[in-house]
Amino acid sequence: MPELPEVETTCRGISPHLIGQTITAVRIFHPRLRWPIPDEVHTLVGRTIRSITRRAKYLLMDCETGHLIVHLGMSGSLRIVAPDAPRGKHDHVEIQVGAQVLRLRDPRRFGAVLWTEQPPHTHPLLAHLGVEPLDAAFDGASLYAQTRKVNTPIKLFVMDAKRVVGVGNIYASESLFLAGIDPRTRAGKLSAARCERLAKAIKSVLRAAISAGGSSLRDFVGSDGASGYFQLNYRAYDRAGAPCRTCGQLIRRIVMGQRSTFFCSKCQTR
DNA sequence: CTTTAAACCTGGTCGC
DNA sequence: TGCGACCAGGTTTAAA
């Protein structure tokens with residue numbers, strides 16, 4: 001369940017241990033994640049990690065001769081461990097940098113490890129991504145402009161990575177609750193004022209989760225191996241049948257785009 | 001073009 | 001205790 005905050009937290013967590021370090025070994029224990037892990041990752045040995053950045057939910061590692069692209073899928077996590085740390089059955093890849101190892105664990109194997117020698121943002125998976133929600137370029141005005149004449153329900157709109165990246169199922173429900181907007185509202189029907197509220201809500205929800213250290217992964221473990229688990233106090237998500245924390249109305253669960261959607265029919269309007 | 005749904009995978013939970 | 005059914009999550013791909 002890593003959403004943007006978890007990926008950002010992971011990026012910040014592993015960076016200090018890896019930047020400027022030289023890769024001494026790459027080991028693949030399970031070569032098939034969402035896609036097969038390309039053989040070229042073995043050419044990483046001897047390369048130095050220049051930087052680690054995030055784009056949407058992708059982690060990008062600049063390794064001099066190319067870029068490692070890592071996606072955590074729905075159950076992936078990265079940690080720094082000692083080389084002799086016992087390996088679990090879902091630890092699929094490890095990259096050794098001297099006395100430390102970066103290990104990818106991903107029980108459901110929806111994640112990905114890819115390699116490109118081109119600028120990573122031109123990679124087919126990244127080339128058509130929308131705006132970063134925490135960028136200044138994403139605000140009420142841009143959201144208003146973007147949603148004009150769009151019939152898609154607003155919840156599906158904000159979850160569409162071609163429009164805005166990083167807003168997954170959990171934070172979509174949370175943001176719409178905070179903004180007081182019914183998730184079924186047609187995007188194009190939102191007023192400028194409501195777009196403003198929504199953009200602010202998305203930023204605020206994501207920022208809160210980042211500062212909490214990542215929240216949406218039930219078994220989230222900090223990249224240092226400590227129990228970084230933190231459950232946000234959700235206002236709507238996963239609260240079907242429970243009273244709204246604002247008005248007491250029972251939170252409803254509906255399905256939109258095959259995903260559970262939670263909202264308060266009293267606080268959130270069309 | 002847009003919209004919808006299936007697929008990928010595993011572990012946890014529920015009802016019987 | 002076992003077993004089947006179903007759900008969660010993000011994203012791509014195929015189909016309508």
Side-chain angles (χ1 to χ4, degrees), chain A residues 1-11 29-38 54-60 69-78 87-93 104-114 116 120-121 123-130 132-133 146-175 183-188 202 205-206 209 214-221 229-232 234 236-241 251-262:
Chain A
M1 311 178 205
E3 296 202 24
L4 185 148
E6 286 70 31
V7 181
E8 179 64 28
T9 299
T10 298
C11 183
F29 305 109
H30 198 315
R32 291 191 52 84
L33 299 180
R34 195 180 202 301
W35 295 283
I37 298 173
R54 176 190 64 74
R55 169 72 171 120
K57 294 172 188 169
Y58 294 92
L59 284 169
L60 310 174
I69 301 175
V70 179
H71 196 290
L72 298 177
M74 298 197 291
S75 58
S77 63
L78 284 168
R87 197 158 46 78
K89 95 189 240 207
H90 301 298
D91 292 334
H92 306 311
V93 179
L104 172 67
R105 171 173 300 178
D106 187 359
R108 291 170 212 177
R109 305 205 337 264
F110 272 29
V113 173
L114 301 168
T116 180
H121 292 80
H123 189 279
L125 291 175
L126 305 186
H128 305 292
L129 291 174
E132 286 284 335
Q146 230 191 153
T147 50
R148 289 315 86 190
K149 308 204 170 148
V150 174
N151 279 313
T152 312
I154 188 60
K155 195 227 181 191
L156 301 183
F157 183 97
V158 299
M159 287 186 67
D160 182 351
K162 290 190 289 299
R163 315 267 194 189
V164 191
V165 302
V167 183
N169 199 41
I170 294 172
Y171 297 124
S173 279
E174 290 300 291
S175 302
R184 300 164 294 185
T185 311
R186 303 280 163 185
I202 289 172
V205 164
L206 293 178
S215 64
S216 66
L217 186 58
R218 283 177 204 275
D219 56 354
F220 182 78
V221 177
Y229 173 63
F230 181 91
Q231 179 87 46
L232 259 195
Y234 296 134
Y237 180 77
D238 204 22
R239 297 198 66 238
I251 298 291
R252 285 186 57 193
R253 172 189 181 274
I254 61 176
V255 173
M256 297 179 65
Q258 307 170 283
R259 317 300 297 276
S260 289
T261 303
F262 303 89

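Quick note: numbers below take in every heavy atom, side chains included, and nothing from hydrogens, waters or symmetry partners. Lettering of chains follows the sequences in order, A, B, ..., and the numbering in each one begins at 1. All values reported here derive from a predicted model rather than from experimental measurement.
- For A:Arg109 and B:dG11, the shortest distance from a side-chain N or O to OP1 or OP2 is not below 4.0 Å.
- Note on A:Arg108: every side-chain N or O is 4.0 Å or more away from OP1 and OP2 of C:dA8.
- Taking 4.0 angstrom as the limit, A:Thr152 places none of its side-chain polar atoms (N or O) nearer than this to OP1 or OP2 of B:dT2.
- What separates CG of A:Asp91 from P of B:dT10 is a distance of 15 Å, to the nearest Å.
- Note on A:His90: a side-chain N or O is less than 4.0 Å away from OP1 or OP2 of B:dG11.
- With hydrogens and angles ignored, the 3.5 Å screen pairs no side-chain donor or acceptor of A:Arg239 with any backbone N or O of A:Phe262.
- In this structure, A:Phe157 places its CZ atom 14 Å from C1' of B:dT2, rounding to the nearest Å.
- The CD1 atom of A:Ile170 sits 9 Å away from the C1' atom of C:dA8 (whole-angstrom rounding).
- Checked against B:dT3, B:dG11, B:dC8, the side chain of A:Lys89 finds its nearest nucleotide in B:dG11.
- Atom CZ of A:Phe110 and atom C1' of B:dC9 are 5 Å apart (whole Å).
- Here C:dT11 presents its P atom at 9 Å from CZ of A:Arg259, a figure rounded to the nearest Å.
- Nearer to the 5' terminus of DNA chain B, by closest-nucleotide assignment, is the contact made by A:Val150 (compared with the other of A:Val150 and A:Gln258).
- Atom CZ in A:Arg105 sits roughly 20 Å away from atom P in B:dC9 (whole-Å rounding).
- When heavy atoms are screened at a 4.0 angstrom cut-off, A:Leu125 is found touching the sugar-phosphate backbone but no base atom.
- C:dT11 atom C1' lies 13 Å from atom CD of A:Glu3, rounded to whole Å.
- Phosphate contact (OP1/OP2 of C:dT11, side-chain N/O of A:His71, threshold under 4.0 Å): present.
- Side-chain atoms of A:Asp160 and A:Thr152, non-hydrogen and from C-beta on, never get closer than 4.5 Å to each other.
- How far CZ of A:Arg55 is from CD1 of A:Ile69: 12.0 Å, rounded to the nearest 0.5 Å.
- When heavy atoms are screened at a 4.0 angstrom cut-off, A:Arg32 is found touching no nucleic acid atom at all.
- Atom CG of A:Leu4 is separated from atom P of C:dT11 by 10 Å (rounded to the nearest Å).
- Atom-to-atom distance recorded for A:Lys57:NZ and A:Leu72:CG is 10.5 Å, nearest 0.5 angstrom.
- For A:Asn151, taking side-chain heavy atoms from C-beta onward, the closest of the listed nucleotides C:dT11, C:dA8, B:dT3 is B:dT3.
- Here the OG atom belonging to A:Ser175 is positioned 5.0 Å from the CD1 atom belonging to A:Ile202, to the nearest 0.5 angstrom.
- Here C:dG10 is the nucleotide among C:dA8, B:dG11, C:dG10 with the atom lying nearest to any side-chain atom of A:Arg34.
- An OP1 or OP2 oxygen of B:dC1 is reached within less than 4.0 angstrom by no side-chain nitrogen or oxygen of A:Lys149.
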